[in-house]
Number of protein chains: 2
Amino acid sequence: MADLNNLISPFFLNDKEIKKVIELIFFSYRDFTAGPDKILEKLSFGRAHHRAIYFVGKKNNITIKELLGVLKITKQSLSRVLNQLVKEGFIVVSTGLDKRTKTLSLTNNGKNLENELSTIQINKIKKVINNFNHEDINGFKKILYEMIEADNKKTFQDLNA
Amino acid sequence: MADLNNLISPFFLNDKEIKKVIELIFFSYRDFTAGPDKILEKLSFGRAHHRAIYFVGKKNNITIKELLGVLKITKQSLSRVLNQLVKEGFIVVSTGLDKRTKTLSLTNNGKNLENELSTIQINKIKKVINNFNHEDINGFKKILYEMIEADNKKTFQDLNA
DNA sequence: ATAATTAAGTCAATATGGCTGACCTAAATA
DNA sequence: TATTTAGGTCAGCCATATTGACTTAATTAT
């Protein structure tokens with residue numbers, strides 16, 4: 001911690017200081033995704049598969065349209081990934097009440113994989129957060145939240161309603 | 001802010017709460033990179049070009065090897081990106097003191113582009129951080145720093161030495 | 001002086017994850 | 001009945017990353 005206090009002065013953020021924050025975001029994000037990436041590689045899956053599994057696990061019976069709205073990718077991009085996950089038995093598709101829609105849910109294998117991937121990231125966050133007090137943790141969460149654009153804040157809230 | 005306080009309970013983080021943090025990281029990172037992406041697209045550049053320009057701007061006369069160590073991609077991947085940036089006049093290559101090495105620096109065009117891209121992200125962080133007190137901001141920075149693996153912490157420190 | 005290592009470059013092949021445009025079906029809604 | 005919506009699919013394109021093999025030139029170690 002002492003290292004960081006030398007590197008980042010706490011009471012005023014000029015552009016040079018803010019650039020350090022840009023770097024912190026870059027390096028921390030890369031290291032945050034590295035763990036799951038290793039597991040996914042064994043299954044010949046990528047980060048796109050992870051995201052699909054994560055959000056289907058988060059909202060059971062999510063529709064294709066809803067998932068597209070969360071991921072913000074094209075139908076064609078999602079289709080490739082989703083077909084693989086269905087074919088390999090991680091996700092099942094059912095018809096929704098509105099028969100035009102399809103709903104997605106995780107199989108047992110899907111739940112296991114989701115759990116394995118999430119656990120890596122959960123443990124990483126736990127390990128880090130353990131060394132901080134509630135002010136620090138709240139600062140972290142609140143600022144992350146405010147970095148999100150309005151429409152995605154809504155998506156986040158809907159997912160956690 | 002009130003919204004977030006309802007969504008994230010401050011004094012205890014169970015797995016469900018931590019998953020919200022995973023989502024905050026995902027959404028905020030995506031929105032953080034979206035701004036530069038738009039500019040880069042006009043130039044037919046991608047995020048890889050941005051990163052190269054950013055770190056060459058950060059450390060003038062950085063060698064290829066050093067840049068590879070920061071970006072953690074293969075020589076072949078960097079090569080493509082770097083050749084484009086040189087050909088299009090954003091980066092210049094010189095021979096280092098050790099004549100095996102090459103050193104990279106930004107042209108005026110390169111500096112302008114680096115500045116344009118960084119300004120978007122700097123302004124975004126400024127705008128967000130303005131609404132927070134120093135405890136929050138320090139929490140944010142310190143936790144981001146601790147999310148980084150040891151070897152990359154060293155890279156970060158070297159860049160800011 | 002020679003051998004080994006290092007920095008950089010390159011060729012070829014492969015995979016992932018995005019994109020666009022065009023077009024289709026079936027179901028719900030106006 | 002006409003339109004809109006949800007979803008699917010075909011084809012092609014591009015960016016970013018990978019691996020493996022190999023070369024050149026310069027430095028360093030023996």
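Just so we're on the same page: letters track the sequence lines, and every chain starts at 1. The shown structure was predicted, so the numbers you read here are calculated from the model rather than taken from an experiment.
Each of Asn61(A), Asp98(A), Thr95(A) was scored for a side chain to side chain contact (heavy atoms under 4.5 Å, CB included) with Thr103(A), with one residue passing: Asn61(A). When Val70(A), Ile62(A), Leu68(A), Ile64(A) are each tested for a side chain to side chain contact (heavy atoms under 4.5 Å, CB included) with Glu66(A), only one passes: Ile62(A). None of Phe26(B), Tyr29(B), Phe27(B), Phe32(B) except one satisfies the ring pair (Phe, Tyr, Trp, His ring centres under 6.0 Å) rule with Tyr29(A); the exception is Tyr29(B).
One atom, CG of Leu78(A), and another, C1' of dC19(C), lie 14 Å apart when rounded to the nearest Å. Between Lys75(A) atom NZ and dA11(D) atom C1' the separation is 15 Å, expressed in whole Å. The distance from atom NZ of Lys72(B) to atom C1' of dT18(D) is 16 Å, rounded to the nearest whole Å. Between the CZ atom of Phe45(B) and the P atom of dC14(D) there is a distance of 16 Å, given to the nearest Å. Atom CD of Glu41(B) and atom P of dC13(D) are 18 Å apart (whole Å). Rounded to whole Å, atom P of dG17(C) lies 11 Å from atom CD1 of Ile53(A). The CG-C1' distance, from Leu82(A) to dA6(D), rounds to 14 Å in whole Å. Note: CZ (Arg51(B)) to C1' (dA17(D)) measures 10 Å, nearest angstrom.
Comparing Ala48(A) and Ser79(B) along DNA chain C, the residue whose closest nucleotide (by nearest heavy atom) sits nearer the 5' end is Ser79(B).
Non-hydrogen atoms lying under 4.0 Å from DNA chain C are contributed by nothing in residues 91-98 of chain B.
By the 4.0 Å N-to-carboxylate-O rule, Glu17(A) lies too far from Lys126(B) to be salt-bridged with it. The pair Lys19(A)-Asp15(A) does not count as a salt bridge, with every side-chain nitrogen at least 4.0 angstrom from each carboxylate oxygen.
A centroid separation of less than 6.0 Å is found between the aromatic rings of Phe90(B) and Phe45(B). For an aromatic pair to be called close, the ring centres must be under 6.0 Å apart, and Phe140(B) with Phe132(B) fails this.
Residue Ser77(A) has a polar side-chain atom (N or O) positioned under 4.0 Å from OP1 or OP2 of dC19(C). For the OP1/OP2 pair of dG8(D) and a distance below 4.0 Å, the side-chain nitrogens and oxygens of Lys102(A) include at least one atom meeting the criterion. Considering only side-chain N and O atoms, Arg80(B) lies nowhere under 4.0 angstrom from the phosphate OP1 or OP2 of dA12(C). Residue Lys65(B) places at least one side-chain N or O under 4.0 Å from the OP1 or OP2 atom of dA7(C). OP1 or OP2 of dT18(D) has at least one side-chain nitrogen or oxygen of Thr74(B) nearer than 4.0 Å.
A donor and an acceptor atom never sit less than 3.5 Å apart when one is taken from the side chain of Lys99(A) and the other from the base of dA27(C). Interface remark: the Gln76(A) side chain does not form any donor-acceptor pair with the dG12(D) base, using a distance-only criterion of under 3.5 Å.
Side-chain atoms of Asn160(A) and Lys16(B) form no donor-acceptor pair, as typed in the model, at a separation below 3.5 Å.
Residue contacts for His49(A): at a heavy-atom cut-off of 4.0 Å it reaches the sugar-phosphate backbone alone, with no base atom in range. Residue contacts for Thr101(A): at a heavy-atom cut-off of 4.0 Å it reaches the sugar-phosphate backbone alone, with no base atom in range. Within 4.0 Å of Arg47(A), counting heavy atoms only, lie sugar-phosphate atoms of the nucleic acid but no base atom.
Here dT18(D) is the nucleotide among dT18(D), dT16(D), dG18(C) with the atom lying nearest to any side-chain atom of Ile73(B). Checking dG7(D), dA17(D), dA7(C) against every side-chain atom of Arg100(B), the shortest atom distance belongs to dA7(C). Nearest to the side-chain atoms of Thr63(B) among the listed nucleotides dC19(C), dA17(D), dA8(C) stands dA8(C).
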